Undergrad: 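I'd like to ask you about the structure that follows.
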Amino acid sequence: MTDRYDAIVIGAGHNGLVCSALLAKAGYKVLVLEANTQVGGAAVTREFAPGFSVSACAHLLYQLQPEVVRDLSLRVKFASEDMTTIALAADGKHIRMRGDSVEGVSDDDAVSYRSFQKRMQAFARLLRTYLNKTPPRLGTRKLRDLVTLAKLGFDIRRLGKTEMREFLRLIGMNIHDEVDERFESPTLKGAICLDAILGTHLGPRSPNTILTYLYRLAGNGGQVAVPYGGMGSVADEMASTARSAGVTIRTDMPVKRIVVDNGRVRGVETSSGESFESYNVISNADPKRTIFELLGARHVETGFARRIENIRMQGNAAKLHLALDGLPDIPGLMKKDFAERIVIAPDEHYVERAFNPVKYGACSPQPVIEMTFPSFRDASLAPTGKHVLSAVVQYAPYASKEGWSDAARDKFLKDVIETIAAYAPDIESRISASELLTPADIEREFHITGGHWHHGELTLDQFLFVRPVGGAAQYRMPIDGLYLCGAGAHPGGGISGAAGRNAAREILREKS
Ligand SMILES: Cc1cc2nc3c(=O)[nH]c(=O)nc-3n(C[C@H](O)[C@H](O)[C@H](O)COP(=O)(O)OP(=O)(O)OC[C@H]3O[C@@H](n4cnc5c(N)ncnc54)[C@H](O)[C@@H]3O)c2cc1C
């Protein structure tokens with residue numbers, strides 16, 4: 001005897017939760033099966049040392065779509081909001097960036113930064129409109145697709161002749177050339193480059209890094225926040241909305257396979273041998289895992305399987321968590337600055353040099369780092385007087401050529417701490433415990449192939465109409481009843497909920 005549902009969602013990542021909540025609100029009987037003990041996928045808060053908790057992967061909120069907040073009536077509490085980015089400089093002359101203003105640079109750079117931001121924000125607003133739309137299918141005569149396509153052309157044209165040309169010129173370009181032409185401050189150039197490359201397998205000189213920069217801005221105009229209680233609190237709030245709408249969420253329930261009969265999905269089978277029936281199976285897992293591990297390539301055409309196989313998704317972002325006996329001393333910073341976002345990317349060449357080793361399977365000896373001290377404003381994360389450091393560290397290869405042995409990981413940890421110590425000389429003496437998650441750990445612990453931030457590189461050949469691959473950008477997989485709702489689908493990764501919301505809308509539209 002198996003249980004029957006209107007929809008089964010594989011994975012309780014934040015996108016799976018958003019999708020399930022919206023389907024349940026529309027009257028569907030929904031089951032979510034999550035492999036891990038906690039809900040949230042890469043948006044979880046967990047204890048990494050006794051008394052010390054941290055957002056285990058995603059730690060900064062800047063892409064959550066207002067449409068998702070509205071549709072799910074989410075209440076997110078923030079420990080820090082509209083944060084300043086402090087870019088550390090070796091000489092202690094750190095710069096501060098917020099919105100379109102930057103302090104600590106020449107007047108010329110401050111003026112250039114304002115005009116740069118004005119243009120980038122206008123382009124990002126255009127992109128934002130399309131984050132919440134289903135990409136139109138190319139080559140069809142369906143009115144909806146034709147209208148969306150025409151509207152995209154019209155929206156680009158509406159930028160005006162000069163800006164339209166600039167948009168089309170810049171969108172595939174690299175961020176290095178753009179910042180090098182505009183600014184003199186190396187620290188400013190390095191910080192902008194960092195924003196363009198976080199979570200990617202790209203360096204500042206790689207094509208597409210303007211696109212990735214715009215994608216980051218498109219979320220919330222670049223405004224960054226730390227949720228109170230860590231990122232897990234956002235996922236918990238989504239799960240609570242889903243449960244209130246009637247969704248059943250079962251954790252510790254890895255799905256082993258998607259059951260197919262007569263060319264359409266019929267349900268799923270879990271690793272523990274339980275079966276659940278549904279004609280709609282929605283995968284929050286990445287596209288490769290969904291097609292090769294869960295569905296089985298034999299159920300799709302060879303050409304489609306090959307396109308999925310070719311998705312580039314080798315993660316380069318590692319996550320470092322430090323339990324600290326107290327805040328470190330960072331010369332040039334005041335105590336209140338520990339509530340802000342602090343980055344180490346002292347110039348654009350540093351960022352490019354940090355990228356070089358991962359091309360050959362090695363770690364950056366001097367990596368690029370984005371740090372926060374979430375316990376500074378959130379006492380729930382560390383014992384009184386103690387603190388937590390949460391850092392995204394680029395670049396660490398997914399496939400280390402030496403293998404991720406204990407020695408390789410110890411060496412990388414040492415290099416990361418030395419890099420931080422160049423700005424915070426007493427950091428080492430403050431550390432009581434540490435956790436380093438490499439992309440390989442992220443793959444194992446969060447079930448993301450390659451440990452990739454976006455479930456697939458965010459480049460023009462894997463974007464919009466062709467995300468995850470051509471012919472499947474409308475959340476439907478080429479087998480009846482199977483959908484994708486995670487970061488591997490349009491528009492991509494980040495805690496936005498956009499893919500989950502778009503997928504739910506497509507499923508409901510199809511059934512109406
Ligand atoms: C190191 C790192 C740092 C990041 N930092 C940020 C940040 O600061 N801000 C930001 O906005 N984004 C950040 N991101 C990106 C962000 O975390 C992801 O893009 C986002 O979490 C993707 O959400 P999702 O719901 O689509 O998928 P996921 O979060 O990957 O969730 C997928 C879920 O499916 C489950 N699953 C997979 N297979 C199965 C199966 N067979 N059976 C059952 N369950 C299964 C997984 O366990 C997981 O819970 C970061 C990513 C990384 C790797």
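In each ligand, atom 1 is the first atom listed, and ligand 1 is the first ligand listed. Values in this document were obtained by computation on a predicted structure and should not be read as measured data.
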Undergrad: For the residue pair Asn280 / Ser278, report whether a side-chain donor-acceptor contact shorter than 3.5 Å exists.
TA: no
Undergrad: Is there a donor-acceptor contact under 3.5 Å linking the side chains of Arg264 and Tyr279?
TA: no
Undergrad: With heavy-atom distances below 4.0 Å as the criterion, list the atoms of ligand 1 near Ile495.
TA: 10 (C), 11 (O), 12 (N), 16 (C), 17 (O), 20 (C), 21 (O)
Undergrad: Using a strict 4.0 Å threshold on nitrogen-to-oxygen distance, state whether Glu67 and Arg128 make a salt bridge.
TA: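 Yes, charged N to carboxylate O under 4.0 Å.
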Undergrad: Salt bridge check: are Asp337 and Arg96 linked by an N-O gap of less than 4.0 Å?
TA: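 A salt bridge links Asp337 with Arg96.
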Undergrad: Between Glu443 and Lys288, is there a salt bridge with N-O shorter than 4.0 Å?
TA: no
Undergrad: For ligand 1, is there an atom lying under 4.0 Å from some heavy atom of His59?
TA: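 Checking ligand 1 against His59, which is what was asked, there is a heavy-atom contact under 4.0 Å.
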Undergrad: Would you say His455 contacts ligand 1, with heavy atoms under 4.0 Å as the rule?
TA: yes
Undergrad: If you take the nearest heavy atom of each of Ile442, Leu458, Leu60, Val9, which one is closest to atom 10 (C) of ligand 1?
TA: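 Considering heavy atoms of Ile442, Leu458, Leu60, Val9, the nearest to atom 10 (C) of ligand 1 sits in Leu60.
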Undergrad: Gly315: heavy atom below 4.0 Å from ligand 1, yes or no?
TA: no
Undergrad: Among protein heavy atoms, which lies nearest atom 3 (C) of ligand 1, and at what distance?
TA: Trp453 CZ3, 3.4 Å
Undergrad: Evaluate His454 against Tyr215 for ring-ring contact (aromatic ring centres under 6.0 Å, His included), listing each step before the verdict.
TA: CA-CA 11 Å; His454 293 282; Tyr215 181 76; 5.6 Å; yes
Undergrad: Please indicate whether any nitrogen or oxygen in Gly494 is less than 3.5 Å from any nitrogen or oxygen in ligand 1.
TA: yes
Undergrad: Just say parallel, tilted or perpendicular for the rings of Phe338 and Phe373, cut-offs at 30° and 60°.
TA: perpendicular
Undergrad: Tell me the protein heavy atom at minimum distance from atom 49 (O) of ligand 1, and give that distance in Å.
TA: Glu34 OE1, 2.6 Å
Undergrad: If I apply the N/O under 3.5 Å rule, does Pro254 come out as touching ligand 1?
TA: no
